[in-house]
A.B. asks: 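Shown below is the structure under consideration.
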Amino acid sequence: MKKTLFACIAALSVGAAWADYPEKPVTIVVPFAAGGPTDKVARDLAEALRKPLNATIVIENVGGAGGTLGATKVSKASPDGYTLLLHHIGMATSPSLYRNLQYKTLDDFEYLGLINEVPMTIISRPTLPASSYAELAKWIDGNKGKINLANAGLGSASHLCGLLYQSTLKTDMTTVPYKGTGPAMTDLIGGQVDIMCDQTTNTTSQIESGKVKAFAVTTPKRLGGGLAKLPTLDEAGLKGFNVTIWHGLYAPKGTPKPVLDKINTALKTALKDADFHKREEALGAVIVTDARVNPADHKKFVEAEINKWGPVIKAAGQYAD
Ligand code: ASP
């Protein structure tokens with residue numbers, strides 16, 4: 001009885017101590033360079049989250065090592081709700097790729113909810129001499145050993161897609177890692193690298209303005225809008241090819257429950273924001289439904305993704321120390 005009373009008082013005082021959260025700006029760490037697709041989602045979300053969370057939101061780009069540097073930083077940050085992480089599928093691929101990951105993906109974070117799902121596209125420098133997927137396939141065949149493939153480092157979405165693409169084609173390309181696909185896109189447009197697989201949130205406007213060439217989408221179904229003419233890789237002959245990127249929001253382990261609840265509630269509201277929807281959907285992203293914006297389902301989903309991609313990555317023989 002005494003113990004229960006003590007537990008109730010303790011819980012009440014934790015709640016009271018955090019009742020005024022947030023009292024200062026909240027930082028969302030993006031584990032990739034500014035100007036890329038994860039950065040774009042984070043900046044769009046910050047815009048929608050500002051009101052419901054009643055806070056100024058600052059984006060901090062901590063790129064490098066396929067997103068693991070930024071994730072490490074947040075795993076070690078003070079668990080007070082003022083440092084969050086917005087990460088993508090790399091949260092689930094890095095445990096299989098990095099032997100010495102500085103955090104435990106399932107133990108060192110609080111899961112706040114999923115945000116969206118985004119298809120990817122196979123794109124090339126504008127000068128690559130191909131204008132259909134069949135022509136690209138022929139060009140790849142004729143240039144074995146000479147092709148550069150840009151990515152955002154081991155464990156990034158572009159790495160994962162490129163890995164699957166090369167193993168399906170049984171072709172090795174020279175990978176060129178960047179701190180994010182924002183800077184990689186600049187080099188692709190400039191012709192310093194040949195090919196990239198990247199989220200539509202980064203590629204749609206570059207494809208539509210003709211700054212890069214686009215050949216296929218990585219999802220099982222064709223996309224709508226301006227990208228509807230692109231075949232799926234499955235249609236193009238790479239049977240069963242399917243890579244869809246998702247984003248989620250995290251806090252360091254030990255962040256108090258009342259703070260997590262406030263962020264989760266604000267996140268749910270932000271994900272219904274009409275402008276956020278418009279901006280994301282125009283770039284091919286699909287916002288998740290309310291049911292997936294909860295900690296338990298988010299964590300279960302990441303665990304399932306770790307188990308899904310682990311064997312694929314192992315089979316490709318990729319890892320880093
Ligand atoms: N799209 C990148 C990736 O390949 C990351 C980024 O720059 O947002 O993971």
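Predicted model, so just to flag it, every value in this text is computed and none were measured. Indexing begins at 1, ligand by ligand and atom by atom, following the structure's order. In this chain, residues are counted from 1 in sequence order.
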A.B. asks: Indicate yes or no: does an N/O atom of Ser158 lie under 3.5 Å from an N/O atom of ligand 1?
C.D. replies: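 Looking only at distances, the answer is yes, because the N/O contact criterion of under 3.5 Å is met.
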
A.B. asks: According to the interplanar angle, ranging from 0 to 90°, do the rings of His247 and His88 count as parallel (below 30°), tilted (30 to 60°) or perpendicular (above 60°)?
C.D. replies: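 His247 vs His88 ring planes: tilted.
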
A.B. asks: Which of the atoms in ligand 1, numbered in the order shown and given with their element, are less than 4.0 Å from a heavy-atom of Thr38?
C.D. replies: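 This gives 5 (C), 6 (C), 8 (O) as the contact atoms.
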
A.B. asks: Has Lys76 got more than 12 heavy atoms of other residues, nucleotides or ligands less than 6.0 Å from its NZ?
C.D. replies: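 Correct, the count exceeds 12.
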
A.B. asks: Ring-plane angle category for Tyr250 and His298, please: parallel below 30°, perpendicular beyond 60°, tilted otherwise.
C.D. replies: tilted

A.B. asks: At a 4.0 Å threshold, what atoms of ligand 1 neighbour a non-hydrogen atom of Asp198?
C.D. replies: 1 (N), 2 (C)

A.B. asks: What protein heavy atom is closest to atom 7 (O) of ligand 1, reported as residue, atom name and distance in Å?
C.D. replies: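 The protein heavy atom lying closest is Thr181 N, 2.8 Å.
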
A.B. asks: So if I count the atoms of ligand 1 from 1 in the order they appear, which ones are less than 4.0 Å from some heavy atom of His88?
C.D. replies: 3 (C), 9 (O)

A.B. asks: Please identify which atoms of ligand 1 are closer than 4.0 Å to at least one heavy atom of Gln199.
C.D. replies: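 Once the distances to Gln199 are compared, the set is 1 (N), 2 (C).
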
A.B. asks: Considering the heavy atoms of Ala157, write down every atom of ligand 1 situated less than 4.0 Å from one of them.
C.D. replies: 3 (C), 4 (O), 9 (O)

A.B. asks: Is the closest heavy atom of Pro37 to ligand 1 under 4.0 Å?
C.D. replies: yes

A.B. asks: One thing to verify: whether Glu135 and Lys213 come together as a salt bridge, which I'm taking to mean a side-chain N less than 4.0 angstrom from a carboxylate O.
C.D. replies: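 No, this pair does not count.
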
A.B. asks: Do Arg125 and Asp194 meet the salt-bridge criterion of a basic N to acidic O distance under 4.0 Å?
C.D. replies: yes

A.B. asks: Do the charged groups of Asp44 and Lys40 touch, with an N to O distance under 4.0 Å?
C.D. replies: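 Here Asp44 pairs with Lys40 in a salt bridge, since their nearest N and O are under 4.0 Å apart.
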
A.B. asks: Any idea which atoms of ligand 1 are less than 4.0 Å away from a heavy-atom of Gly180?
C.D. replies: 7 (O)

A.B. asks: Less than 3.5 Å apart, any donor N or O on the side chain of Thr181 or Ser158 sitting next to an acceptor on the other?
C.D. replies: no

A.B. asks: Short list, please: which atoms of ligand 1 are under 4.0 Å from a heavy atom of Ala152?
C.D. replies: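 Result: 2 (C), 3 (C), 4 (O).
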
